[in-house]
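Notes for the one structure printed next.
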Number of protein chains: 2
Amino acid sequence: MSPTATSDPDASTVDRLMQAAAQAFAEKGFHATTTRDIASGAGLSPAGVYVHFGSKEELLFNLSRSGHESALRLLRRAISEGSTPTEQLETLMARFTEWHVEQYQVARVVQYEHHHLTPEHHAEVLALRKEMDSLVRDVLDRGVADGTFSVDDSADTALALLSIAVDVARWYSPTIKRTPTEIGATNAALALRLVGAGR
Amino acid sequence: MSPTATSDPDASTVDRLMQAAAQAFAEKGFHATTTRDIASGAGLSPAGVYVHFGSKEELLFNLSRSGHESALRLLRRAISEGSTPTEQLETLMARFTEWHVEQYQVARVVQYEHHHLTPEHHAEVLALRKEMDSLVRDVLDRGVADGTFSVDDSADTALALLSIAVDVARWYSPTIKRTPTEIGATNAALALRLVGAGR
DNA sequence: CAGGTAACTAAGCGCTTGCTTAGTTTCTCT
DNA sequence: AGAGAAACTAAGCAAGCGCTTAGTTACCTG
């Protein structure tokens with residue numbers, strides 16, 4: 001193992017490259033990260049990256065797509081676990097927030113680096129993003145329909161809810177003392193307030 | 001005027017450089033922007049930038065600092081115009097949101113590019129950011145103290161309020177039909193809900 | 001254990017980057 | 001008008017970039 005490697009040395013080379021890229025992209029952004037940064041972070045020579053990925057952008061795309069997919073799975077699971085809109089919103093907001101804390105490096109790539117993808121790749125992740133958006137809006141609409149939520153506009157409110165969760169990736173730092181669970185619970189409580197539920 | 005210039009040709013050279021830099025940094029990020037992009041955006045040769053700014057980072061710093069200062073002034077003014085915490089929060093949220101819409105290019109630089117500053121410059125803008133944070137928290141605390149607001153934790157709630165406003169810079173695009181005033185009013189209403197005011 | 005394949009590296013190519021230098025034009029002031 | 005300063009450009013340098021090439025090592029299969 002190279003002395004500069006920062007990712008888990010027991011993981012597969014592809015996984016180490018993804019880890020190293022996630023860390024570097026999250027820390028400095030896509031363009032400020034060099035392929036040499038990624039290679040040495042994974043314990044490889046500069047050329048080693050190209051055995052597994054055709055380009056730096058392809059690495060970003062793989063990271064971005066798998067990150068979006070895991071966030072989307074998480075949202076769907078949270079919704080399926082709740083039996084009422086209130087439970088669904090509460091679980092969704094807690095889990096989605098926790099994910100942004102625990103996976104804050106991947107989350108930053110997901111939220112802030114996707115515009116550096118090629119137009120084709122960008123379109124693909126934008127579809128996943130729209131899907132997330134409408135999952136949240138649907139929960140709100142069901143809550144409004146059955147009278148438990150009161151919101152002026154479900155699209156605006158869904159956007160604000162996502163803003164609160166997504167913005168965690170911007171301000172979170174591992175030096176912060178609050179646990180993912182605590183931050184998730186706080187945001188879930190704020191979400192219920194925003195939709196006028198639970199009183 | 002060079003055929004590639006995109007900024008107002010009647011503005012001073014320094015202003016044109018700041019405009020061109022704001023546009024480029026907002027669109028592609030600090031590192032993906034070249035000094036040649038900025039120069040040609042301002043209608044200058046590549047060397048023309050260095051007559052007015054010592055480095056690309058100095059240009060980012062000037063933009064970032066003046067952007068933070070104008071946002072801070074706006075917050076202070078909004079607070080001074082209201083006579084109750086409710087009025088202050090409502091005005092503050094509306095104006096701060098409107099600023100993120102109208103100045104969305106500068107706002108993106110302010111919110112997303114400040115970590116590319118040198119440590120000294122970064123520290124300087126971080127002080128301004130903390131000041132914004134505490135202005136909002138103080139309004140909440142006064143509202144809690146006089147009984148008009150009910151919040152669990154004023155720091156968490158202030159952060160969520162800022163998230164909703166700041167995140168506008170991430171999702172806003174000039175192709176969106178809603179006016180700055182409409183978006184500001186929406187966010188102001190959401191803010192009052194979040195603090196349990198006005199019912 | 002030979003033969004083939006996949007993983008990896010050393011070296012470096014062509015290009016772009018931030019910025020400098022040396023010189024020219026434009027403006028200001030007496 | 002003429003001197004001095006400020007604004008600006010043409011040309012280009014050193015360094016760093018993404019990525020390739022040619023070759024070596026490690027591994028799997030029959």
Side-chain angles (χ1 to χ4, degrees), chain A residues 1-25 27-64 109 113 115-118 121, chain B residues 1-25 27-64 109 113 115-118 121:
Chain A
M1 171 179 161
S2 151
T4 53
T6 51
S7 52
D8 177 4
D10 291 337
S12 77
T13 303
V14 167
D15 286 351
R16 269 159 38 228
L17 280 166
M18 300 265 278
Q19 266 184 253
Q23 185 176 55
F25 290 161
E27 213 165 88
K28 317 192 273 183
F30 177 70
H31 270 98
T33 298
T34 71
T35 56
R36 286 161 179 83
D37 289 338
I38 299 167
S40 77
L44 294 179
S45 75
V49 175
Y50 295 90
V51 174
H52 304 280
F53 296 94
S55 68
K56 187 170 88 160
E57 190 273 345
E58 193 180 306
L59 195 36
L60 173 65
F61 175 56
N62 275 37
L63 251 179
S64 187
V109 174
E113 305 300 323
H115 23 266
H116 295 121
L117 293 167
T118 63
H121 289 163
Chain B
M1 171 180 162
S2 151
T4 52
T6 52
S7 52
D8 178 4
D10 292 336
S12 77
T13 304
V14 167
D15 285 351
R16 268 159 39 227
L17 281 166
M18 300 266 278
Q19 266 184 254
Q23 185 176 54
F25 290 161
E27 213 166 87
K28 317 193 272 182
F30 177 69
H31 270 98
T33 298
T34 70
T35 57
R36 285 162 179 83
D37 290 337
I38 299 167
S40 76
L44 293 179
S45 76
V49 174
Y50 295 89
V51 174
H52 304 281
F53 296 93
S55 68
K56 187 170 88 158
E57 191 273 346
E58 192 180 306
L59 195 35
L60 174 64
F61 175 56
N62 275 37
L63 250 178
S64 187
V109 174
E113 304 301 322
H115 23 265
H116 295 121
L117 292 167
T118 63
H121 288 163

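Each chain gets a letter, A, B and so on, in the order the sequences are listed, and its residues count up from 1. These numbers were taken from a predicted model, which means no experiment stands behind them.
- Within 4.0 Å (heavy atoms only), B/S12 reaches no atom of the nucleic acid at all.
- Distance NE2 (A/H31) to P (D/dG18): 9 Å, rounded to an integer number of Å.
- Counting to the nearest Å, the P atom of D/dC13 and the CZ atom of B/R36 are 13 Å from each other.
- Shown here for A/V109 and A/A22, the closest heavy-atom pair between the two residues is CG2-O, 4.0 Å.
- Within the structure, every pair that satisfies the ring pair (Phe, Tyr, Trp, His ring centres under 6.0 Å) test and touches residues 31-63 of chain B, not counting sequence neighbours, is listed here: B/H31-B/H116, B/F61-B/H121.
- Following rounding to the nearest Å, B/H116 (NE2) and C/dG18 (C1') show an atom-to-atom distance of 16 Å.
- Among residues at least two apart or in separate chains, there is no salt bridge (Lys or Arg N to Asp or Glu O under 4.0 Å) pair with a member in residues 46-55 of chain B.
- Residues A/S64 and A/L117 meet the side-chain proximity criterion, which asks for heavy atoms closer than 4.5 Å.
- Applying the ring pair (Phe, Tyr, Trp, His ring centres under 6.0 Å) test to A/F25 and every residue at least two apart in sequence or in another chain returns A/F30.
- Between the C1' atom of C/dT17 and the CD atom of B/E57 lies a distance of 17 Å, rounded to the nearest Å.
- The distance between atom NZ of B/K56 and atom C1' of C/dT20, rounded to the nearest whole Å, is 17 Å.
- No donor-acceptor pair under 3.5 Å is formed between the side chain of B/Q23 and the backbone N or O of B/Q19.
- Residues B/L44 and B/L17 form a side-chain contact, since some pair of their non-hydrogen atoms from C-beta on lies under 4.5 Å apart.
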Per-nucleotide protein contact string for nucleotides 20-28 of chain D, where B marks a base within reach and S marks sugar-phosphate only (heavy atoms under 4.0 Å, - for neither): B--------
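- Rounded to an integer number of Å, the gap from CZ of A/F30 to P of D/dG18 is 8 Å.
- In this structure, B/E57 CD and B/N62 CG are separated by 9.5 Å, a value rounded to the nearest 0.5 Å.
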Write out a two-atom table: protein N or O, nucleotide N or O from nucleotides 5-8 of chain D, distance below 3.5 Å.
from: D/dC8; atom 1: OP1; to: B/T13; atom 2: OG1; distance (Å): 3.0
from: D/dC8; atom 1: OP2; to: B/H52; atom 2: NE2; distance (Å): 2.5

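- We find that CD1 of A/I38 is positioned 18 Å from P of D/dG16, with the value rounded to whole Å.
- Every side chain to side chain donor-acceptor pair (under 3.5 Å) that A/D37 has, sequence neighbours left out, goes to A/K28, A/T34.
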